[in-house]
There are 2 protein chains.
Amino acid sequence: MPVNLPAIEDQVLTPIKGIRLGWAEAGIKKANRKDMLVIEIAAGSSVSGVFTLNRFCAAPVTLCKKHLAAKQGIRAMVINTGNANAGTGDVGMQDAQTTCQQLAEIMQISPEQVLPFSTGVILEHLPMDTLLAGLPKAVANLDADNWHNAAWSIMTTDVAPKAYSKTLDVNGNTVNITGMSKGAGMIHPNMATMLAYIATDANIEQSLLDEITKEITDVSFNCISVDGDTSTNDSFMIIATGQGDSPAITSREDAGFNEIYAALTEAAQYLAQCIVRDGEGATKFMTVSIQGAKTVEEAKTIGFSIGKSPLVKTAMFASDPNLGRVLAAIGYASRECASLEDLNTDSLELYFGDVLVAEKGGRAASYQEEDGQAVMDKEEIDITVKLNRGEQQATVWTCDFSYDYVRINAEYRT
Amino acid sequence: MPVNLPAIEDQVLTPIKGIRLGWAEAGIKKANRKDMLVIEIAAGSSVSGVFTLNRFCAAPVTLCKKHLAAKQGIRAMVINTGNANAGTGDVGMQDAQTTCQQLAEIMQISPEQVLPFSTGVILEHLPMDTLLAGLPKAVANLDADNWHNAAWSIMTTDVAPKAYSKTLDVNGNTVNITGMSKGAGMIHPNMATMLAYIATDANIEQSLLDEITKEITDVSFNCISVDGDTSTNDSFMIIATGQGDSPAITSREDAGFNEIYAALTEAAQYLAQCIVRDGEGATKFMTVSIQGAKTVEEAKTIGFSIGKSPLVKTAMFASDPNLGRVLAAIGYASRECASLEDLNTDSLELYFGDVLVAEKGGRAASYQEEDGQAVMDKEEIDITVKLNRGEQQATVWTCDFSYDYVRINAEYRT
């Protein structure tokens with residue numbers, strides 16, 4: 001079961017002016033399951049995205065980048081689950097194009113104004129007849145108040161849907177932010193088998209939105225790992241419809257920028273953490289903070305070295321305060337970050353929760369195993385490393401490694 | 001159970017002139033278990049080693065490097081299991097020094113002629129009284145024909161001991177090679193929770209042996225992964241006693257060099273593969289060959305990207321011919337090797353055994369799932385990637401990821 005993942009039924013998901021969402025049970029892989037979503041976006045919205053760096057990136061990812069580059073104004077997104085349309089060669093690209101064309105025809109826009117997303121099994125061709133038959137059903141369903149259904153309709157191995165909503169007051173104006181994400185396995189930057197969409201009615205100029213979408217990704221979705229695998233289809237999109245009552249923002253100096261930037265970052269971090277909380281087989285949620293690094297890269301590398309170590313993750317599963325495995329993971333981080341080759345292990349400090357567990361190259365003199373055990377027994381575990389060699393820091397979020405991770409991934413295609 | 005790991009009881013382990021081995025049941029972590037080994041090395045032998053790159057390297061590793069650098073001629077090694085003496089600060093270094101001093105006194109050599117090795121739990125101090133009491137027992141036991149017992153006495157989570165022996169004829173002279181290794185978890189270059197020792201009666205000059213020990217490591221112990229974790233204590237040693245009847249070798253041009261080099265490489269690869277066969281929870285043994293790369297680094301990076309992917313490894317456990325996960329792992333290898341950023345996924349070919357499963361960016365037209373299934377059903381699985389972009393290649397060996405991996409590592413300290 002997910003680790004402290006809030007049930008979205010209890011959440012108010014505020015509609016965003018300029019956004020309507022429509023789902024369908026298209027039957028792409030399984031019957032009677034919401035497996036398709038269309039998002040309609042009002043003209044004049046800014047839309048930015050960040051995509052997987054996997055060289056085997058899927059056809060829809062390639063087409064998304066092309067359509068964004070065409071700068072005709074994105075008016076719709078179409079998302080299917082059950083099939084990733086990745087590793088599908090020329091046919092896969094044709095299928096993605098056909099999907100955009102058909103949806104464009106129904107919605108009376110141009111194909112370049114449609115962004116396609118697919119998630120699911122790799123290397124299978126999309127069942128095009130089934131998929132295309134679902135499109136009019138999804139469009140018929142379009143409704144501004146459909147975020148709950150939308151979050152359900154993008155799930156794959158997710159146990160539960162993930163969504164976020166916040167209304168803030170920015171200099172007397174109301175700004176609404178609502179978003180959703182999916183993903184549970186093949187999760188590691190850059191990026192993961194994940195999709196995430198955040199919409200706001202704030203008015204953010206396109207090139208500025210492009211900039212901050214990258215920055216926000218680096219402190220949210222690029223800070224999570226379930227299993228160290230980077231998928232072929234990851235996409236994170238921010239849509240700013242500009243239909244709220246807050247004034248236009250075209251530069252970082254504009255009034256309201258800082259508040260909205262912080263709120264979008266919080267939304268992205270929340271949705272990224274939701275993915276980890278629903279990590280395949282997860283029973284623990286770990287926050288790994290690395291402080292006092294020379295560079296952010298150093299901090300992030302050590303964070304992931306701890307956060308993706310199978311030995312650390314199995315120890316967490318067992319609630320075992322195994323400091324040794326954490327120290328070993330810190331020690332081999334230099335494999336992936338050259339500046340760490342002069343890391344002085346004698347001057348760093350390791351904390352489990354608030355408990356100092358290691359310093360001066362070994363176990364802290366004050367450390368009692370029962371104190372470490374009390375931290376490990378919790379569902380939410382904080383690990384902090386103070387490197388004491390600089391001013392930079394990074395935080396990564398990860399989950400433990402359980403029997404169920406193996407079961408889920410051994411049985412995935414059966 | 002280990003995957004096709006030959007039982008050493010059925011192997012002849014030829015004694016090496018100039019080497020005697022003595023074990024003890026010192027009781028370091030558990031009673032009634034061979035947990036200490038002393039290796040006596042004749043004067044005049046060449047001894048070379050390669051050690052972990054983990055920044056948290058253990059006290060004995062630091063001391064080994066110091067004693068090798070002292071160039072007084074290594075005359076003994078002492079190995080204990082049950083405790084890694086890593087993350088133990090100044091006390092740990094004193095303990096390692098005391099161990100060398102006491103053994104040196106008993107054997108009437110100097111402490112700098114002793115190399116210490118420890119493997120086991122990290123962050124605990126060595127139980128020195130127990131350990132020192134074991135030393136005279138191990139020395140009393142010294143015998144040239146003790147390789148079987150020696151292989152047992154260096155085991156930790158290993159299910160079975162690992163050893164190798166070969167006698168070859170080099171230009172009419174007999175050369176003997178015998179070695180052993182241990183390790184099952186925390187296995188990933190550079191290097192692993194592993195110890196390996198190979199001895200030969202060949203006569204190889206010290207600086208040449210240093211060179212080839214590094215080279216041999218790169219194609220053997222640095223080509224295996226069980227879980228992607230690099231331990232604090234890994235060491236691989238080659239001892240050339242020169243007491244056989246083959247002439248001295250001081251350069252690569254000398255008669256017999258090529259044959260002996262090849263034989264030592266074979267020994268190291270065999271012992272490295274033994275560690276994977278006994279990988280924690282392993283049910284499958286995978287050989288991943290990457291051909292047609294621009295550089296060896298490219299090939300090795302892709303090999304490990306496949307070989308350490310939890311998704312690939314859980315699919316192997318399930319005998320699932322999941323090409324998609326292998327292609328995804330190839331695709332994200334560019335995360336760790338910049339030259340792969342221009343990898344053309346359309347021009348590579350992927351084989352399971354002899355079966356072409358993917359080409360031109362997708363599933364091969366000729367591929368039938370039952371052919372891939374037949375390959376996956378075997379205990380020994382070969383995966384080959386032809387990148388078709390250069391002349392370099394690399395092979396890595398790895399195992400699958402099973403429920404038992406999680407069980408073993410969740411229960412390790414209990």
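Scope of the values below: all heavy atoms of this structure, side chains included, with no hydrogens, waters or symmetry mates. Since the structure is predicted, the reported quantities are computational estimates derived from the model, not experimental observations.
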Quiz item: Should the heavy atoms of other residues, nucleotides or ligands under 6.0 Å from NZ of Lys65(A) be counted, would the total exceed 12?
Solution: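 Counting neighbours around NZ of Lys65(A), more than 12 heavy atoms of other residues, nucleotides or ligands fall under 6.0 Å, so yes.
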Quiz item: Would the Phe401(B) and Phe401(A) ring centres measure less than 6.0 Å apart?
Solution: yes
Max heavy-atom pair count under 4.5 Å with chain A, selected residue of [options]:
options: Leu343(B), Asp346(B), Thr88(B); value: Leu343(B)
options: Ser334(B), Gly331(B), Gly92(B); value: Gly331(B)
options: Ala318(B), Gly87(B), Ala358(B); value: Gly87(B)

Go through the atoms of [X] and report whether side chain, backbone, both or neither lie under 4.5 Å from a heavy atom of chain B.
X: Leu350(A); answer: neither
X: Asp342(A); answer: backbone
X: Ser319(A); answer: neither

Quiz item: About how many Å separate CG of Asp90(A) and NZ of Lys360(B), when rounded to the nearest 0.5 Å?
Solution: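 If we round to the nearest 0.5 Å, Lys360(B):NZ and Asp90(A):CG are 9.5 Å apart.
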Self-check item: Pairwise distance CZ(Arg363(A)) to NE2(His125(B)) - rounded to 0.5 angstrom
Solution: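 Here the rounded value is 7.5 Å.
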Self-check item: Per-residue contact mode, Glu359(B) against chain A (heavy atom under 4.5 angstrom)
Solution: neither
Quiz item: Which heavy atom in Gly324(A) sits nearest to a heavy atom in Leu123(B), and how many Å separate them?
Solution: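 Distance-wise, the nearest heavy atoms are N-CD1, 3.3 Å.
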Quiz item: Going through the checks in order, is the side chain to side chain contact (heavy atoms under 4.5 Å, CB included) test met by Phe317(A) and Val406(B)?
Solution: CA-CA 9 Å; Phe317(A) 171 54; Val406(B) 177; 3.8 Å; yes
